[in-house]
Undergrad: 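Okay, handing you the structure first.
Remember, it's a predicted structure, so these values are computed and weren't measured experimentally. In what follows, chains carry the letters A, B, and so on, assigned in the order in which the sequence lines appear, proteins first and then strands, with residues in each chain numbered from 1.
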There are 2 protein chains.
Amino acid sequence: MEFNSETEQKILNAATEVFLQHGHDGARTEEIAKVAGINKALLHYYFRTKERLYQEVLNHQVKKVISDLFASLQPETDMPTFLQGFISSYVDRIQQNPQVVRFMLWEMRSGASNLQMLLSEIISDQNSPSPHSLVKRIQTAVKEKEIRQVDPHHLVFNLIAMCIYTFIAAPIIGSIFPDININDPSFLKRRKKEIFNLVWYGIKP
Amino acid sequence: MEFNSETEQKILNAATEVFLQHGHDGARTEEIAKVAGINKALLHYYFRTKERLYQEVLNHQVKKVISDLFASLQPETDMPTFLQGFISSYVDRIQQNPQVVRFMLWEMRSGASNLQMLLSEIISDQNSPSPHSLVKRIQTAVKEKEIRQVDPHHLVFNLIAMCIYTFIAAPIIGSIFPDININDPSFLKRRKKEIFNLVWYGIKP
DNA sequence: GTCTATAATAAGATAGAC
DNA sequence: GTCTATCTTATTATAGAC
């Protein structure tokens, strides 16, 4: 197991910051170098091209997003607790780092075959939890009449959608409803509660 | 009232296509010219710079997205019909043109002050319907106990989130659940039904 | 109005000294 | 390993003929 040199890591961190903010096309290697506190030449020394550096960042971020998403699932608890836990921890995570989602949704244009493969790999790895765990927990709940008849996939989509939306649409929301402050703790609390209520009343038997 | 020349319009259409796909930074004026069937020089003749052309496109698209979103609201109908109408027409619109939403969410980084202003303008225009109409319809429903106590803003966020999500996350969803085809009519029908059921059961008194 | 040719600049990548 | 200086190429923008 080889460890990255400190410099390599500094470049990776800087690249992550810059790529997440500007995307692949908007990112400038010069800015990455500047943020890392080094120069372009050294960047090329470590990563050869902008493309390779981008792939490293993308790879790492995608893995992190997926595993973060399902790391905190507690399938053994009853449905309301399970939902509340998922919503709460997921909203917190997104709020702490909304850029990742914005970045992924943008860069994932249909036809990004490298990403398709990357995702397939991650999902098929049996050790790590996957969206399928979430789907399965809901399927079980339906079968045991813990909740009403509902399409598990669509419920998963709906949950993720609601947790994500306000944070990636923050600038829009801010312009349209000036009195709402997305990052205010009271907003967060409210948000979680409203999502949970809608979903729980929406699916309880 | 002056009308755009045919060529000007061809360039605008091409620019829209290219900017929506690649974003501001990824778009190339040469590609725009090619798609429009003209050359770069003519593009500059009409729009002077890439920046101005971009602003035209952005301006037009943002206005369209907002007005489309609320054009089909029918506040006079009862709540279930109202919801069903909104969900159905909104999902259809997004599905027909998911790129616009992806583009807006991406380009709206916090600090895009030109956009903030643009949105404020559109919203404050009393003639056109705004998100506030949707909020108001829900407020009324709460007041008249047509639905349970619910935060109108959050319900609006939730509705929009669910309608949008699957379409901008289509590539991700495709990779994780290979057996789901977002553009299949049966998926669309299912999607609308599941959103409506979750929301209606979730808010009925 | 529309084109070809070209200038001006920006950005990625490399050579070579230290 | 790290830097400065430089090359090469891509991209925006303009000049000038038709």
Undergrad: Which residues pass the side chain to side chain donor-acceptor pair (under 3.5 Å) test with A:Q74, sequence neighbours left out?
TA: none
Undergrad: Looking for any heavy atom pair under 4.0 Å, which part of the strands does B:Y46 touch: base, sugar-phosphate only, or nothing?
TA: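 Sugar-phosphate only.
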Undergrad: Could I get the full list of side chain to side chain donor-acceptor pair (under 3.5 Å) partners for B:D179, not counting sequence neighbours?
TA: none
Undergrad: Taking only N/O atoms, report every protein-nucleotides 5-11 of chain C pair under 3.5 Å with atom names and distance.
TA:
unit_1: C:dA11; atom_1: OP1; unit_2: A:R28; atom_2: NE; d: 2.7

Undergrad: Side-chain donor-acceptor pairs under 3.5 Å in residues 60-69 of chain A, sequence neighbours left out?
TA:
unit_1: A:K63; atom_1: NZ; unit_2: A:N59; atom_2: OD1; d: 3.3
unit_1: A:S67; atom_1: OG; unit_2: A:K63; atom_2: O; d: 3.2
unit_1: A:S67; atom_1: OG; unit_2: A:K64; atom_2: O; d: 3.3

Undergrad: Short of 4.0 Å, heavy atom to strand atom, which residues of residues 9-25 of chain B count as contacting DNA chain C?
TA: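 Contacting residues: none.
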Undergrad: Once salt bridge (Lys or Arg N to Asp or Glu O under 4.0 Å) is applied, do any residues pair with A:R93, and if so which ones, sequence neighbours excluded?
TA: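 Checked A:R93 against salt bridge (Lys or Arg N to Asp or Glu O under 4.0 Å); zero matches.
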Undergrad: Applying side chain to side chain donor-acceptor pair (under 3.5 Å), can you list everything that pairs with B:S88, at least two apart in sequence or on another chain?
TA: B:K192
Undergrad: Please tabulate, for the side chains in residues 51-58 of chain B, all donor-acceptor contacts under 3.5 angstrom to protein atoms that are two or more places apart in sequence or on a different chain.
TA:
unit_1: B:E51; atom_1: OE2; unit_2: B:H24; atom_2: NE2; d: 2.6
unit_1: B:Y54; atom_1: OH; unit_2: B:E107; atom_2: OE1; d: 2.4
unit_1: B:Q55; atom_1: OE1; unit_2: B:N114; atom_2: ND2; d: 3.4

Undergrad: Going 5' to 3' along DNA chain D, which are the first and last nucleotides with any atom under 4.0 Å from a heavy atom of chain A?
TA: D:dG1 to D:dT4
Undergrad: Got a list of side-chain donor-acceptor pairs under 3.5 Å for residues 10-19 of chain B, not counting sequence neighbours?
TA:
unit_1: B:T16; atom_1: OG1; unit_2: B:L12; atom_2: O; d: 2.7

Undergrad: Name all residues meeting the side chain to side chain donor-acceptor pair (under 3.5 Å) criterion together with A:E194; count only those two or more places apart in sequence or in a different chain, and write none if there are none.
TA: none
Undergrad: Think A:R48 has a side-chain N or O under 4.0 angstrom from the OP1 or OP2 of C:dG12?
TA: no
Undergrad: Between A:H44 and C:dA13, is there a contact of a side-chain N or O with OP1 or OP2 at under 4.0 Å?
TA: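 Yes, A:H44 has a side-chain N/O under 4.0 Å of OP1/OP2 on C:dA13.
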Undergrad: Are A:E146 and A:R137 ion-paired here, with the side-chain N under 4.0 Å from a carboxylate O?
TA: yes
Undergrad: Only pairs under 3.5 Å count here: list side-chain donor-acceptor contacts from residues 158-167 of chain A, not counting sequence neighbours, and write none if there are none.
TA:
unit_1: A:N158; atom_1: OD1; unit_2: B:R191; atom_2: NH1; d: 3.3
unit_1: A:N158; atom_1: OD1; unit_2: B:R191; atom_2: NH2; d: 2.5
unit_1: A:N158; atom_1: ND2; unit_2: A:H154; atom_2: O; d: 3.2

